[in-house]
Visitor: 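One structure, as structure tokens, below. Some questions next.
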Amino acid sequence: MCAGAMIAFAATLALSACSPDNSEADLQRCIAKAPSKAGSATLSGEEAHDAVGAEAAECMKALGYRHDQASPKCVDDVDFNRFCYVRRG
């Protein structure tokens, strides 16, 4: 039984290493789900942008990502940059 569990575990690890990077698609879905704050009279354009970014970041967290700004490609608008998110796990 132990050998079978080890084989299953090894197969799971091998398959997870080949799993596609869905971070761009996930991030675009999160941005699309965030309510538009652009027309809000109480927020400046930058505040509205930041509010949508915060909601997108929370959505990504709920999908199993964490912010990680270590990538050299994680520059500028970190809430909207897929290279600033890493799958937890």
Side-chain angles (χ1 to χ4, degrees):
M1 182 69 171
C2 188
M6 292 297 286
I7 292 170
F9 178 71
T12 301
L13 284 178
L15 290 175
S16 67
C18 297
S19 63
D21 179 7
N22 294 323
S23 60
E24 180 66 29
D26 289 340
L27 181 56
Q28 291 307 316
R29 278 192 293 277
C30 285
I31 292 169
K33 287 192 327 189
S36 175
K37 309 231 187 250
S40 174
T42 60
L43 298 177
S44 70
E46 185 174 340
E47 289 171 328
H49 179 79
D50 290 346
V52 171
E55 290 183 37
E58 282 299 313
C59 174
M60 289 294 280
K61 182 179 178 182
L63 291 176
Y65 293 89
R66 65 177 168 79
H67 254 133
D68 186 341
Q69 298 178 12
S71 170
K73 294 180 180 181
C74 177
V75 293
D76 299 326
D77 222 349
V78 298
D79 290 335
F80 296 94
N81 183 336
R82 76 176 180 96
F83 296 107
C84 301
Y85 294 96
V86 175
R87 266 268 180 223
R88 287 186 303 234

Visitor: Please say yes or no: joined through hydrophobic side-chain contacts below 4.5 Å, possibly via intermediate residues, are Leu27 and Val86 part of one cluster?
Guide: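 No, separate clusters.
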Visitor: Scan residues 58-70 for pairs that pass salt bridge (Lys or Arg N to Asp or Glu O under 4.0 Å), counting only residues two or more places apart or in two chains.
Guide: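 Sorted pair list: Arg66-Asp68.
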Visitor: In chain order, what residues pass the side-chain hydrogen bond (donor to acceptor under 3.5 Å, both in side chains) check against Asp50, with sequence neighbours excluded?
Guide: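 By the side-chain hydrogen bond (donor to acceptor under 3.5 Å, both in side chains) rule, Asp50 matches no residue at all.
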Visitor: Restricting to non-hydrogen atoms, name the atom on Ile31 and the atom on Phe80 that form the minimum distance, rounded to 0.1 Å.
Guide: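 Result for this residue pair: CD1-CD2, 3.4 Å.
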Visitor: Search all heavy atoms of Ala56 against all heavy atoms of Cys30 and return the closest pair with its distance.
Guide: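 Heavy atoms of Ala56 and Cys30 come nearest at O-CB, 3.9 Å.
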Visitor: Considering residues at least two apart in sequence or located in another chain, which fulfil the side-chain contact (heavy atoms from CB on, under 4.5 Å) criterion with Lys73?
Guide: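 Result, side-chain contact (heavy atoms from CB on, under 4.5 Å) vs Lys73: Ser71, Phe83.
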Visitor: Is the closest side-chain donor-acceptor distance between Asp79 and His49 under 3.5 Å?
Guide: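 No, His49 and Asp79 have no side-chain donor paired with an acceptor closer than 3.5 Å.
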Visitor: With Gln28, which residues qualify under side-chain hydrogen bond (donor to acceptor under 3.5 Å, both in side chains), at least two apart?
Guide: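 Residues passing side-chain hydrogen bond (donor to acceptor under 3.5 Å, both in side chains) with Gln28: Glu24.
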Visitor: Measure the shortest side-chain to side-chain distance between Thr42 and Glu47 over non-hydrogen atoms and say whether it is less than 4.5 angstrom.
Guide: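 No, side chains not in contact.
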Visitor: Could you tell me whether the side chain of His67 and the main chain of Val78 form a donor-acceptor pair under 3.5 Å?
Guide: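 Pair found, side chain donor or acceptor close to backbone of Val78.
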Visitor: Going by side-chain contact (heavy atoms from CB on, under 4.5 Å), name the residues that satisfy it together with Asp26, two or more places apart in sequence or in a different chain.
Guide: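 Checked Asp26 against side-chain contact (heavy atoms from CB on, under 4.5 Å); matches are Asn22, Arg29, Met60, Leu63, Tyr65, Arg87.
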